[in-house]
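Note: hydrogens, waters and symmetry copies are ignored here, and every other heavy atom, side chains too, is used. Proteins come first, then strands; the chains are lettered A, B, ... in the order of their sequence lines, and each starts at number 1. Every value quoted in this text rests on a predicted model; they were computed, and no experiment measured them.
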Amino acid sequence: MSTFTVGQELDPHTFTINRALLVKYANASGDQNPIHQNEEFAKSVGLPDVIAHGMLTMALAGKYVSDIAGSAAVKEFSARFTKPIVVPANTDVALTVSAKIASIEDGIAKVEITAICNEVKVLGMAKASIRLA
Amino acid sequence: MFDPDLIGRTFNGADVVTVSQSSINQFAAVVGEKNTEIAPPTFSISITLDQSQKLLQDSGLDWTRVVHGDQRFEIFRPIVAGDQLICSSTIESARVMAGNEIVTVRSDLHAGSDLVVSTWSTLVVRA
């Protein structure tokens, strides 16, 4: 168990998002909205292409947070879906998640999370509270 | 159009959702989580998405036009396989901004009398 300090920047991790992962997430979450799988449909509603589920991005950021202190330690987790992640066919899209320890009080660390795709922040106000062992 | 009289109303689910190990495994596999003894932090959305849509199906909310604005989880204990969860959903607020309806739905998952997770979803209904 490592110790954390306020202001500490945690090492980034890069996740790979592609169409196959969107199908897997749709099946795991039950969110079968066609904008996340069907290019023709996505374009028909004005999107540039298929986009990733915001909740998939949040689930991946959740994995990053879980890796800090274990899934069981995550008490609060919130995010705003500011920019969609466009996922073209046959393409791996990189999502890089990093975080900073904003505060530590009574054994609870507040963590500010950054999620970046193609140099654009895709989550806003992403925060988690985790119980430190 | 969303019915403003519904603000503050809570809809209690009748379904008991039993969490299977395979559903946890499937969700964990998507994010590369190897620990499947407990569900990943956002797993509860796989229950509340379906349940809240059922509970709010007569609210006038047009789910086909809904864009997810933000999401918050308050996790009181991790979900584990075998949990028997009941969902209740409350429309906490609704307002119109730039022609779009913005609706905040809170969904709580209870196991018996214990609150396991509370979630808040802000939904933007495109005009």
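Counting heavy-atom pairs closer than 4.5 Å to chain A, the top residue among B:Pro78, B:Gly69, B:Pro40 is B:Gly69. Contacts with chain A were tallied for B:Ile75, B:Val117, B:Asn35, B:Asp50; B:Ile75 has the most, counting heavy-atom pairs under 4.5 Å. Counting heavy-atom pairs closer than 4.5 Å to chain B, the top residue among A:Ala79, A:Ala128, A:Ala72 is A:Ala79. Annotation: maximal heavy-atom pairing with chain A below 4.5 Å, among B:Val30, B:Asn25, B:Val67, occurs at B:Val30.
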Evaluation steps, side-chain contact (heavy atoms from CB on, under 4.5 Å), between B:Thr42 and A:Met55: CA-CA 8 Å; B:Thr42 67; A:Met55 286 305 301; 4.2 Å; yes
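If you take CE on A:Met58 and CZ on B:Phe73, they are separated by 5.0 Å, rounding to the nearest 0.5 Å. Here the CZ atom belonging to A:Arg80 is positioned 12.0 Å from the CZ atom belonging to B:Arg72, to the nearest 0.5 angstrom. Atom OG of A:Ser71 and atom CD1 of B:Ile24 lie 10.5 Å apart (nearest 0.5 Å). Note that CZ of A:Phe77 is 10.0 Å distant from CD of B:Gln71, once rounded to the nearest 0.5 Å. The distance from the CD atom of A:Glu76 to the CZ atom of B:Phe76 is 8.5 Å, given to the nearest 0.5 Å. Remark: A:Ser29 OG to B:Ile45 CD1 distance equals 8.5 Å, nearest 0.5 Å.
A continuous path of ILVMFWY side-chain contacts below 4.5 Å connects A:Val65 to A:Val6, so both sit in one hydrophobic cluster. Linking Ile, Leu, Val, Met, Phe, Trp and Tyr residues whenever their side-chain heavy atoms come within less than 4.5 Å leaves A:Ile85 and A:Ile116 in two separate clusters. Linking Ile, Leu, Val, Met, Phe, Trp and Tyr residues whenever their side-chain heavy atoms come within less than 4.5 Å leaves A:Met125 and A:Phe81 in two separate clusters.
Within 6.0 Å of CD on A:Glu40 lie no more than 12 heavy atoms contributed by other residues, nucleotides or ligands. By the 6.0 Å contact criterion, NZ on A:Lys83 is open, its count of non-hydrogen atoms from other residues, nucleotides or ligands being 12 or less. Atom CZ of B:Arg77 is surrounded by more than 12 heavy atoms from other residues, nucleotides or ligands within 6.0 Å. Enclosure of atom CD in B:Glu37 is not indicated, since only 12 or fewer non-hydrogen atoms of other residues, nucleotides or ligands lie within 6.0 angstrom. More than 12 non-hydrogen atoms from other residues, nucleotides or ligands lie less than 6.0 angstrom from CG of B:Asp15.
Interface remark: B:Phe43 contributes no atoms to any contact with chain A (heavy atom separation under 4.5 Å). With a 4.5 Å cut-off on non-hydrogen atoms, A:Leu123 does not touch chain B at all. The part of A:Phe15 that comes within reach of chain B is its side chain, from C-beta onward, which places non-hydrogen atoms under 4.5 angstrom from that chain.
In plain terms, the two heavy atoms of A:Ser66 and B:Glu33 that are nearest each other are CB-OE1, 3.8 Å.
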